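Since we're looking at a predicted model, the values are computed, not measured.
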Amino acid sequence: MKYLLTLLLLIAVSCGTQHRSSTEEASKETASQELRGRTMRRSIEDISTISSPAEYEDMVARYWDDFDFNCGERVAQYDTVDIIYAMSDYVAIIPPQSADSLLRSLMLRASTSREVLDFFSKVAEIVLHNPNSPMRNDEYYTPILEVLVESPLLDEYDRMVPAYDLDVVSKNRLGTTANDFVYTLSNGNSGRLSNIQADYTILMFSNPGCPMCSEITEKLSSSPLINELGELGRIKILTIYPDADLEAWREYLHQMPHQWINAYDKGMVITEKRLYNLNAIPSLYLLDKDKRVIIKDGVSVEQIENAIALLEVQ
């Protein structure tokens, strides 16, 4: 989290830097005072005071009403860090089933000018797409990219970056069949993801020496639920090293649980063909018996446990 906070502060300074003459600054001061004085943050604790679903829906619908979407170039006067945290709070409280329409609507509201649209696209990228963000979420980022790609405010050149990102995040979406690939074991034998026989497959992209990778490995190894299903043969864990330094991978291999399928991507095919979004490592996927995606690009073992527990009682 501390790395994210540092990133936010650096971006805020960068976004807020304007080279203007003192005369221009003075002329804009009065108009900008109100924007600088606003705060968009909403305390999650306020949710406890809501007494009905209708009140909750109204709160979500009115969340951004204090933002002046018609501010144009004055959008730079908003506290960027404040808006980043406001976006983080927002994506935490919106109902998942409504996220697509709500985030699409937000970006359409931000399409009053190129300046405001650029501002919100940068905020969304930081919160939902940056590898260091704990809120990163391809499902939520997809409708934002779709609005950008379709926006008349962007020319063909400007659309290239969001179009590329949209292609990446559109792969392995929830409910779809995960992209298949060949993996290679330390003894040279190979296998296919699609040929793994189990009710659940946990796919983990990891690197040797990655602290969070080690933390997730330990949590998976000590999970009573995952261990029980593993003993019954109902769950398999496949770890993939996606990079080229095989010597480092082999040296670290003895630290990985031997009952897992620990493999590497020979020829870095997954990376070259962009079969998976590997901007962030570690990256966890939970797949069902047909290799449909239940959890995409996660970093929480608890999330995987909760998803499996819910499926087991259905």
Mind listing the closest non-hydrogen atom pair of [X] and [Y] along with its distance?
{"X": "R159", "Y": "L148", "answer": "CG-O, 4.2 Å"}
{"X": "K236", "Y": "A198", "answer": "CG-CB, 3.6 Å"}
{"X": "Y56", "Y": "I94", "answer": "OH-N, 4.4 Å"}
{"X": "P242", "Y": "L278", "answer": "CB-CD1, 3.7 Å"}
{"X": "M204", "Y": "L220", "answer": "SD-CD1, 4.2 Å"}
{"X": "T184", "Y": "G188", "answer": "CG2-O, 4.0 Å"}

Mark yes or no for whether [X], through its side chain, and [Y], through its backbone, hold a donor-acceptor pair below 3.5 Å.
{"X": "D290", "Y": "R292", "answer": "no"}
{"X": "D58", "Y": "A54", "answer": "no"}
{"X": "N262", "Y": "P257", "answer": "yes"}
{"X": "T176", "Y": "R173", "answer": "yes"}
{"X": "K291", "Y": "T201", "answer": "no"}

Cluster check [X], [Y]: I/L/V/M/F/W/Y, side chain < 4.5 angstrom:
{"X": "V127", "Y": "F119", "result": "yes"}
{"X": "V147", "Y": "V91", "result": "yes"}
{"X": "I93", "Y": "M87", "result": "yes"}
{"X": "I261", "Y": "I270", "result": "yes"}
{"X": "L203", "Y": "V182", "result": "no"}

Atom CD of Q259 with >12 non-hydrogen neighbours under 6.0 angstrom: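 Counting other residues, nucleotides and ligands, CD of Q259 exceeds 12 neighbours.
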Just wondering, more than 12 heavy atoms not from M212 lying within 6.0 Å of its CE?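 No - once you tally the heavy atoms of other residues, nucleotides and ligands closer than 6.0 Å, there are 12 at most.
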Applying side-chain contact (heavy atoms from CB on, under 4.5 Å), name anything that partners V161, two or more places apart in sequence or on another chain.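 Counting only residues at least two positions away or on another chain, V161 forms a side-chain contact (heavy atoms from CB on, under 4.5 Å) with D165.
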Residues which pass side-chain contact (heavy atoms from CB on, under 4.5 Å) with P208, listed by chain and number, not counting sequence neighbours: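 P208 satisfies side-chain contact (heavy atoms from CB on, under 4.5 Å) with Y241, A248, Y252 only.
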Side chain proximity check, [X] to [Y], heavy atoms < 4.5 angstrom:
{"X": "T239", "Y": "T217", "value": "no"}
{"X": "D167", "Y": "R274", "value": "yes"}
{"X": "T142", "Y": "L166", "value": "yes"}
{"X": "I126", "Y": "S133", "value": "no"}
{"X": "R136", "Y": "V299", "value": "yes"}
{"X": "C213", "Y": "I281", "value": "yes"}
{"X": "E139", "Y": "V169", "value": "no"}
{"X": "S111", "Y": "L153", "value": "yes"}

What class does the angle between the rings of Y63 and Y90 fall in, given that below 30° is parallel, 30 to 60° is tilted and above 60° is perpendicular?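 The arrangement is tilted - the two ring planes meet at 30° to 60°.
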From [X] atom [atom1] to [Y] atom [atom2], the distance as rounded to the nearest 0.5 Å:
{"X": "I144", "Y": "D100", "atom1": "CD1", "atom2": "CG", "answer": "10.0 Å"}
{"X": "I308", "Y": "L225", "atom1": "CD1", "atom2": "CG", "answer": "5.5 Å"}
{"X": "Y200", "Y": "L287", "atom1": "OH", "atom2": "CG", "answer": "12.0 Å"}
{"X": "L145", "Y": "L103", "atom1": "CG", "atom2": "CG", "answer": "11.0 Å"}
{"X": "K171", "Y": "N179", "atom1": "NZ", "atom2": "CG", "answer": "7.0 Å"}
{"X": "L108", "Y": "L117", "atom1": "CG", "atom2": "CG", "answer": "9.0 Å"}

Residue pairs involving residues 139-180 (criterion ring pair (Phe, Tyr, Trp, His ring centres under 6.0 Å); sequence neighbours excluded):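 Only H129-Y141 qualify under ring pair (Phe, Tyr, Trp, His ring centres under 6.0 Å).
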Summary of ring pair (Phe, Tyr, Trp, His ring centres under 6.0 Å) pairs that have at least one residue in residues 255-306, sequence neighbours excluded: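 As it turns out, the ring pair (Phe, Tyr, Trp, His ring centres under 6.0 Å) pairs with a partner in residues 255-306, which skip direct neighbours, are F181-Y276, F205-Y276, W249-Y264, Y276-Y285.
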Who pairs with [X] by side-chain hydrogen bond (donor to acceptor under 3.5 Å, both in side chains), at least two apart in sequence or on another chain?
{"X": "D199", "answer": "R234"}
{"X": "D180", "answer": "R192, S194"}
{"X": "E272", "answer": "none"}

Considering residues at least two apart in sequence or located in another chain, which fulfil the salt bridge (charged side-chain N to carboxylate O under 4.0 Å, His left out) criterion with [X]?
{"X": "E156", "value": "none"}
{"X": "E125", "value": "K122"}
{"X": "E215", "value": "K219"}
{"X": "D155", "value": "none"}

Please tell me whether Y78 and F120 form a close aromatic pair, meaning their ring centres lie under 6.0 Å apart.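 Judged by ring-centre distance (under 6.0 Å), Y78 and F120 do not meet the cut-off.
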Could you walk me through whether R74 and D68 pass the side-chain contact (heavy atoms from CB on, under 4.5 Å) test, one step at a time? CA-CA 10 Å; R74 292 187 298 121; D68 181 7; 3.5 Å; yes
Restricting to pairs with a member in residues 239-267, which pass salt bridge (Lys or Arg N to Asp or Glu O under 4.0 Å), not counting sequence neighbours?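 Sorted pair list comes back empty.
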